Amino acid sequence: MTGGKAPKRKGSAYERQIVAYLQAHGYPHAERKLAGKTDDTGDIEGGPPGLTLELKSHARWALAKWMDEAELESEHSGTDCGVVVVRRSGTTERGRDY
């Protein structure tokens, strides 16, 4: 996937899977945040308290860049910590992601 709508669909699908996982594991109010905010505050609301979650579903990793993004989003949202959650290929068990 190099561009267009496919990467957006892939990312949105992953966000929905993580929301479903969180809802099934003690966070019933978890939901996706609206995209396009100028003061990005993470991808999920209603997840673990004090954490800003930045979700990634990419074949190529850019961990340092993603951590910088998570830290900035944590500052914007006023949480204690930004966390990057990366989709683990080869499994559909979201609890096994990195």
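These numbers were taken from a predicted model, which means no experiment stands behind them.
Distance alone, capped at 3.5 Å, places no donor-acceptor pair between the E71 side chain and the G82 backbone. Put simply, the side chain of S74 never gets that close to the backbone of A70: no donor and acceptor are under 3.5 Å apart. The backbone N or O of D40 sits less than 3.5 Å from a side-chain atom of H76, completing a donor-acceptor pair.
T79 has its side chain out of reach of L51: every pair of non-hydrogen atoms, C-beta onward, lies at least 4.5 Å apart. Side-chain contact between L22 and L53 is present, with heavy atoms from C-beta onward closer than 4.5 Å.
Of the inter-residue distances, the one linking I18 atom CD1 with R87 atom CZ reads 10.0 Å to the nearest 0.5 angstrom. From S12, atom OG reaches atom NZ of K5 across 12.0 Å, with rounding to the nearest 0.5 Å.
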Test side-chain contact (heavy atoms from CB on, under 4.5 Å) on H29 and E45; report intermediate values, then the result.
CA-CA 8 Å; H29 301 293; E45 292 181 303; over 6 Å; no
Assess the residue pair Y14 and D97 against the criterion (side-chain hydrogen bond (donor to acceptor under 3.5 Å, both in side chains)); give the C-alpha distance rounded to whole Å, side-chain angles, the decisive distance to 0.1 Å, and a yes or no.
CA-CA 11 Å; Y14 182 58; D97 290 341; 2.7 Å; yes
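Closest heavy-atom contact between I44 and V19: CD1-CG2, 3.3 Å. Pairing each heavy atom of P49 with each of Y27, the nearest pair is CD-CE2, 4.0 Å. The minimum heavy-atom distance linking R94 with R88 is given by the pair NH2-O, 3.6 Å.
Placement of M67 and V86 within a single hydrophobic cluster is found when ILVMFWY residues are connected by side-chain heavy-atom separations under 4.5 Å, directly or transitively. Hydrophobic cluster membership is shared by V84 and Y98, with clusters built from Ile, Leu, Val, Met, Phe, Trp and Tyr side chains linked at under 4.5 angstrom.
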Sequence neighbours left out, cut at 3.5 Å: what donor-acceptor pairs do the side chains of residues 54-66 make with other protein atoms?
residue: E54; atom: OE2; partner: K56; partner atom: NZ; Å: 3.1
residue: K56; atom: NZ; partner: E69; partner atom: OE1; Å: 3.2

